[in-house]
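Worksheet for the structure shown next.
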Amino acid sequence: MLLLCGRVLFAFAALLSVVRCQDDDLGLRNGYIDINTTNFNARIVRDAQVLATLTAADETFDFLPFDLISVRASNNQYHWGDITFRYREDGSSDWTDGDSAAARQPVSALETGALSAADLGATLPKGPLNVTREWLDVSGDLGLRFTIENTGESAVEIGSLGFPAEFNSIFTDRKAVDTQRLCSLSDPYIGMHAGYIRVSPVSGIGPALVVTPLGDTPLEAYRNLVEPSYEGTYYGSQTFEGFYEWQVLSKAWAEKEWAGIDPWNTPSSKKLEPGESIQFGVRFTVAKGGVRDIDDTVRTTGTPVAFGVPGYIIPRDSPSQLFLQTDSNVQYIASEPAGLLAVQELSPGSYSITPSSTAWGRTRLVIEYDDGKTQTVHYHVTKAGAEVIGDLGRFLTTEQWFNDTSDPFGRSNSVMSYDYETRSIVTQDPRVWIAGLSDEGGVGAYLAAIMKQAIQPDAEEVSKLEMFIDDVLWGTIQTKQDFAVRKSAFFYEPPAVPGYTYNSSVDWTSWTSWDVDAAHAIDRAYDYVHVAAAYWSLYRVARAYPELVKSHDWDWYLSQAYNTVIRGMQSDVGYNRVGLMGETVFGEILTDLTREGLTSESNNLTSSMKSRATQWDSEEVPFGSEMAWDSTGQEGVYYWAKYFGFTDTMTKTVNSVLGYMPTVPHWGWDGNARRYWDNIYGGKLQRIERQIHHYGSGLNAQVLLSAFRSDPSDTYLLQVGYGGTSGPLSNINQDGFASASFHSWPDTLKWDGYSGDYGPGFLGMVLGSGTYVAQHKAFGLVAYGGILESSVDGIVSVQTQGPVKRRIFIGPLGVTITVDAGSIQGFSYVSPDGNISITLSQPGDMPKAASTVMWVETNSNSISYTVSGTDISQSRMGWQIPLSTDSVTVELRPN
């Protein structure tokens, strides 16, 4: 992300065909009709009878952009109440389109007993299908129902049917406080009859909204809508992602535009005989308790609800749990493709889901209920945690290892951006930072490679990364004079690199093709995080495994990390007064400075961070960014607000994250923080679209997991947060290549070809993931990132799983335990007295450490723990434990 806020719209406008003039095709001049129910105040446009405003009764927050309806009144701009479809008559192979927004005419009102009803014939093309629309009162909720009748003389196949979904997600030209006050974000659960759309206020507070099936109306697909981009709103830009539609039927799109794509659900169609009709619809319901109340609200509509532990990104050969809440009995449950997931019913509504030893990638459970409903739960299966992290490290330090010593940009030896589709390192790109080892788009590879060592070190990889530090990072990316960090090592300026051949097929005229001065500018604070994190990770390796690190001692790496942070806070560096992606690592650096007794450095860094946190605490919306709206500043704001005790800002930040980070039974959206523009800057396929598990997932998960550790009764935070921290695992393919993000548009549904800006999300996973035990109010004791082996006589035993086995949190005790070497193989605890037993091990394929340091943190200032075992001593504000055997067990007792 490289644009100043004032330049955002200009940059995106260059990508769009922007229209200046708009017409009132909706007929706003003729007014509105109120269609209120017990739970809603709603209003439709009189002529078009599409929904204009929707507020919960006794609330003022509008889920629709009524304040902008005058600039959303032209043809081809969609609203709730519009309909799109494709059909073909018997004997024809061609699909015919229908679209109520394409050429609007006033619709004809009907009397059906509904709140409002209309014949849509005037605003649809002539054909055999007659479409009527009704706005209904559904037990106090608002309903939208369409009746489609075949008035022709031959059978008709309906191959597509969609309901455009409009919400107030337009941020263009709004101040931050107005965006928080007025706007909302929507996310789908593409789960067939259990599918729904959830809508959250951007602020994360106040009532939320769910849109569920009315009758036989499965959410089969979720299609992005094409609209003209008008000056003033800029559809399809950084400030206006665009809208989607609920697709009940999708076969026609699957045959044409989506041909060759593996869709989320099996595409279907409906056949209507002459004179036959069919009805579809949706229901709007208020989640009065806000986002945490969404599942319970969905249940009140009779829609099945699924709840997965630890989520829907799961490792092979390891059981997970699935809880189903439904009004109907399960008739059938199986995986597609067949055999990838083994399902075992543990008790009514509770299932164990275990991937096979060969399972990998996307799969889904298909659940058939006695009442005829079908539900799909979407999983992504990964290799086992240690294996997938090992694959990542090997790929990064072999396939992505650049060692061309003739490179004039000083990039040898380094881990560079990679194009998996061409199986080649990206040495040139007109967005120079991608090939320049800086900015998020260029550091994704090396940051992931080096952060991997903090949890799973490898001697050969560490050796190469030391070369990278000495040959490239310290001197090329970062100046040796004063620790300043450059924006890119690569640049476009042919006279500055005589003899170097730039790719002549590339357009080098864009603003993104910086010359040497622009590339070597040191004014972007975000870039300092990556460099500091690299030093910190090797500090941790050098401290725990000193024999692995040859070039420098641990204190050199820690000093480099500290000086990089301090340099990034100087006045000639921009954006250092906003929260930075990945800056939780600044907190880790501060913690280690304190543990090492480096008081002067610790005090200096504390003072620098407190100045920022105090400023944020005074701001109504403290989540500034280089973008007009963003989901990146929250991580840093939360960390330092918590550190310094600014509780109001902590609460505000958690709510903000919950406003753009959903949980649904789909691996792609569960814990997926809102990102939709970053492929423009770091992806190979450049377009505005909802990205799946871009780096926002791993980074924002830290906020929610940290908040859960402070309040383990709020298991909603864990459900969302663990989904987010698992996200970076799904990006890693079977070869070990990690993609920047997954493309969610149904015409693509694949991982981007570039590694791009993957690294920051992986950093978030390293710093936030672990094994979490929680007491869920509905499902009892559960473990995320671990397997509950037993819970007998108050003794709970857990085997750790997942990528990070150096951190555990025992919710019922409010205790966090971390180690800096080896791994936590398993643990047990006794709830009444708080006693804990931990077994440490050193995996056979990892280097051996002589000892590990264990830190124990509690939520209560009045409780501390003593660690006992053979030859244990206190060290660095923790407990140093010899790892003299393959397995070591220590006991923790509360004082």
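Just the heavy atoms: all of them, side chains too, but no hydrogens, waters or symmetry mates, feed the values below.
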Listed once per pair and sorted, the side-chain hydrogen bond (donor to acceptor under 3.5 Å, both in side chains) pairs that draw on residues 769-784, sequence neighbours left out: Arg709-Tyr772, Gln719-Tyr784
Could I get the full list of salt bridge (charged side-chain N to carboxylate O under 4.0 Å, His left out) partners for Lys251, not counting sequence neighbours? Glu157
Short side-chain to backbone donor-acceptor contact, Gln702 and Leu699, under 3.5 Å: yes
Is there a donor-acceptor contact under 3.5 Å from the side chain of Asp670 to the main chain of Gly311? no
Among all residues two or more places apart in sequence or in another chain, which pass the side-chain contact (heavy atoms from CB on, under 4.5 Å) test with Ser328? Thr326, Tyr369, Asp370, Asp371
First locate atom OG of Ser200, then atom CD1 of Ile205, and finally report the distance between them rounded to the nearest 0.5 Å. 12.5 Å
Compute whether any side-chain donor of one residue and acceptor of the other, for Gln375 and His193, lie under 3.5 angstrom apart. no
Ser186 and Tyr222: which non-hydrogen atoms are nearest, and at how many Å? OG-OH, 4.1 Å
Of all residues at least two apart in sequence or in a different chain, which pass the side chain to side chain donor-acceptor pair (under 3.5 Å) check with Thr300? none
Using the ring pair (Phe, Tyr, Trp, His ring centres under 6.0 Å) rule, take Phe779 and Phe323 through it: C-alpha gap first, then chi angles, then the decisive distance, then the call. CA-CA 8 Å; Phe779 307 122; Phe323 300 95; 4.2 Å; yes
Pairing residues for Ser755 by the side chain to side chain donor-acceptor pair (under 3.5 Å) criterion, not counting sequence neighbours: none
Can you check side-chain contact (heavy atoms from CB on, under 4.5 Å) on Asn731 and Phe742, steps first, answer last? CA-CA 8 Å; Asn731 301 57; Phe742 187 90; over 6 Å; no
Partner set under salt bridge (charged side-chain N to carboxylate O under 4.0 Å, His left out) for Asp735, not counting sequence neighbours: none
Do Phe708 and Tyr722 have ring centres separated by under 6.0 Å? no
Taking every heavy atom of Arg687 against every heavy atom of Asn679, the minimum-distance pair comes out as O-CB, 4.0 Å
Would you mind writing out the side-chain donor-acceptor pairs for residues 256-264 within the sub-3.5 Å range, not counting sequence neighbours?
{"from": "Glu257", "atom 1": "OE1", "to": "Arg86", "atom 2": "NH1", "distance (Å)": "3.0"}
{"from": "Glu257", "atom 1": "OE2", "to": "Arg86", "atom 2": "NH2", "distance (Å)": "2.8"}

Could you state the interatomic distance from OG1 (Thr382) to CD1 (Ile314), rounded to the nearest 0.5 Å? 8.5 Å
Run the side-chain contact (heavy atoms from CB on, under 4.5 Å) test against Pro213 and tell me which residues pass, sequence neighbours left out. Thr217, Trp246, Thr303
Is the centre of the Phe284 ring less than 6.0 Å from the centre of the Trp80 ring? yes
Which residues share a ring pair (Phe, Tyr, Trp, His ring centres under 6.0 Å) with Tyr78, sequence neighbours left out: none
Tell me, please, which residues at least two apart from His666 pass side chain to side chain donor-acceptor pair (under 3.5 Å). none
For the NE2 atom of His380 and the CH2 atom of Trp667, what is their distance to the nearest 0.5 Å? 5.0 Å
Quick one: sort the Trp629 and Tyr660 rings into parallel, tilted or perpendicular, breaks at 30° and 60°. perpendicular
Pairwise side-chain hydrogen bond (donor to acceptor under 3.5 Å, both in side chains) hits with a residue in residues 336-351, at least two apart: Glu336-Arg364
Compute the centroid of each ring, for Phe167 and then for Phe63, and state whether the two points are separated by less than 6.0 Å. no
Residues two or more places apart in sequence or in another chain: which of them pass side chain to side chain donor-acceptor pair (under 3.5 Å) with Thr800? none
Between NZ of Lys750 and OG of Ser739, what distance do you get to the nearest 0.5 Å? 9.5 Å
Give, for atom CG of Leu763 and atom OG1 of Thr584, the distance between the pair rounded to the nearest 0.5 Å. 8.0 Å
